[in-house]
There are 2 protein chains.
Amino acid sequence: MVSSRQTQSIRLVWEVFDRSDNAFSVVELVQMHKDSMNKTTVYRILDRFEKEGKLHTFLGKNGLKWYAKCNNCSSKQHIDIHPHFQCNECGKVECLSIDVKIPKVAKHHIEQANMLLLGQCDECVV
Amino acid sequence: MVSSRQTQSIRLVWEVFDRSDNAFSVVELVQMHKDSMNKTTVYRILDRFEKEGKLHTFLGKNGLKWYAKCNNCSSKQHIDIHPHFQCNECGKVECLSIDVKIPKVAKHHIEQANMLLLGQCDECVV
DNA sequence: TTATATTTGCAACCAAGTTGCAATAAGTGG
DNA sequence: CCACTTATTGCAACTTGGTTGCAAATATAA
Ligand SMILES: [Mn+2]
Ligand SMILES: [Mn+2]
Ligand SMILES: [Zn+2]
Ligand SMILES: [Zn+2]
């Protein structure tokens with residue numbers, strides 16, 4: 001279901017993404033809002049933002065869910081599919097605006113390619 | 001820790017992989033051995049096989065852990081890194097022997113690229 | 001066959017995520 | 001400004017995948 005009311009909690013969660021272009025894990029998001037709302041609420045709001053095309057999600061290296069702002073997506077479709085990077089040192093996650101060409105596989109129909117790059121980020125690289 | 005004894009349980013878990021080139025989720029593996037061993041044992045044996053370079057693991061579309069046979073890996077290193085495919089219809093997972101060239105990202109050091117392709121497998125494609 | 005160290009079972013635990021339902025609070029119209 | 005309707009939230013309980021500590025079992029070397 002898509003949000004139809006502008007609540008305090010919705011504003012608070014959105015602010016985090018509005019102020020930064022980083023990706024945030026669901027664990028961070030629950031943690032940073034733990035004094036102002038229930039974790040269920042955080043999960044539900046993130047869910048709605050995704051359905052509305054405001055945020056997109058992907059899985060980090062341990063299968064943890066991450067959220068980041070969308071560009072030009074809508075409740076109709078998510079169009080900004082791109083690879084993500086996660087730093088093995090500090091754990092930070094970034095959206096990468098590079099194109100991955102989807103490989104062809106005989107007799108298969110490929111709909112989507114999820115790519116997660118692992119390594120050291122600009123702050124952790126030696 | 002690497003196996004130093006050949007037990008019944010170890011033999012049973014290995015047989016599954018020996019008989020097929022499929023990938024198996026940890027959930028399937030626990031399920032199929034539930035009458036002959038404890039789930040903890042399954043987890044521990046899979047763990048050892050990975051450390052020994054007999055199996056490699058990766059995450060499927062819901063963050064679930066999957067295991068598949070290695071080719072020419074050892075306890076020293078896993079060398080057969082490749083993309084995986086998961087069918088959106090039947091859930092089946094396959095190792096793909098295709099090369100993915102690792103993209104360069106400015107100021108980052110990329111160590112590894114995990115790629116998961118999603119779509120319809122040969123049996124589910126229309 | 002015995003000794004020893006590895007492996008296993010079990011029960012309890014943990015973390016991420018979900019559900020049902022009652023309470024609360026946006027938004028609407030009067 | 002007030003009442004009403006219904007979306008949203010809090011809460012507690014639950015589910016699932018995965019881990020841990022420790023005592024019991026068992027593979028192997030002597
Ligand atoms: Mn992204
Ligand atoms: Mn594989
Ligand atoms: Zn870093
Ligand atoms: Zn299929």
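Within every chain, numbering begins at 1; the chains are lettered A, B, ... in the order of the sequence lines, protein sequences first and strands thereafter. FYI, side chains are in, hydrogens and waters are out, and symmetry mates aren't considered; it's all heavy atoms of this structure. Keep in mind that what you see is a predicted model, and the values were worked out from it rather than measured.
- Hydrophobic side-chain contacts under 4.5 Å tie A/Val125 to no other Ile, Leu, Val, Met, Phe, Trp or Tyr residue.
- Using a 4.0 Å cut-off between charged side-chain N and carboxylate O, A/Glu15 and A/Arg19 make a salt bridge.
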Which side-chain N or O atoms in residues 104-118 of chain B pair as donor and acceptor under 3.5 Å with protein atoms at least two apart or in another chain?
unit_1, atom_1, unit_2, atom_2, d
B/His108, ND1, B/Ala106, O, 2.7
B/His108, NE2, A/Glu94, OE1, 2.9
B/His108, NE2, A/Glu94, OE2, 3.2
B/His109, ND1, A/Gln120, OE1, 3.0
B/Glu111, OE1, A/Asn88, ND2, 2.7
B/Glu111, OE2, A/Gln120, NE2, 2.9

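- The interatomic distance linking B/Glu50 (CD) with D/dT19 (P) rounds to 11 Å, in whole Å.
- For residues 30-53 of chain A, every residue pair satisfying the ring-ring contact (aromatic ring centres under 6.0 Å, His included) rule, not counting sequence neighbours, is listed here: A/Trp14-A/Phe49.
- The base of C/dG17 is not paired with the side chain of A/Arg44 by any donor and acceptor separated by under 3.5 Å.
- In this structure, the CZ atom of A/Phe49 is 13 Å from the C1' atom of D/dT8, given to the nearest Å.
- Residues that satisfy the salt bridge (charged side-chain N to carboxylate O under 4.0 Å, His left out) test with A/Asp18, not counting sequence neighbours, are absent from this structure.
- Partners of B/His78 under the side chain to side chain donor-acceptor pair (under 3.5 Å) rule, at least two apart in sequence or in another chain, do not exist in this structure.
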Going 5' to 3' through nucleotides 23-30 of chain D and flagging B where a protein heavy-atom sits under 4.0 Å of the base, S where only the sugar-phosphate is that close, and - otherwise, we get ---BBS--

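- With a 4.5 Å cut-off between side-chain heavy atoms of Ile, Leu, Val, Met, Phe, Trp and Tyr, the cluster of B/Ile79 takes in none.
- Whole-Å rounding puts the A/Asn62 CG to D/dT19 C1' distance at 14 Å.
- Listed candidates were D/dA12, D/dG18, D/dT9. Nearest to the side chain of A/Thr40 is D/dA12.
- Within residues 28-39 of chain B, the residues approached by DNA chain C to less than 4.0 Å at the level of any non-hydrogen atom are B/Ser36, B/Met37, B/Asn38, in residue-number order.
- Counting to the nearest Å, the P atom of D/dG17 and the CG atom of B/Leu46 are 14 Å from each other.
- For the pair A/Ile45 CD1 and D/dA7 P, the computed distance is 16 Å after rounding to whole Å.
- If you take OH of B/Tyr43 and P of D/dT20, they are 13 Å apart, rounded to a whole angstrom.
- Rounded to an integer number of Å, the gap from CG of B/Leu12 to P of C/dT8 is 10 Å.
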Which is it for A/Cys70 and A/His56 under the side-chain contact (heavy atoms from CB on, under 4.5 Å) test, yes or no, and what are the steps along the way? CA-CA 6 Å; A/Cys70 284; A/His56 62 279; 3.7 Å; yes

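- Qualifying salt bridge (charged side-chain N to carboxylate O under 4.0 Å, His left out) partners for A/Asp80, counting only residues two or more places apart in sequence or in other chains: none.
- For A/Tyr67 and C/dG17, the OH to C1' distance is 10 Å, given to the nearest whole Å.
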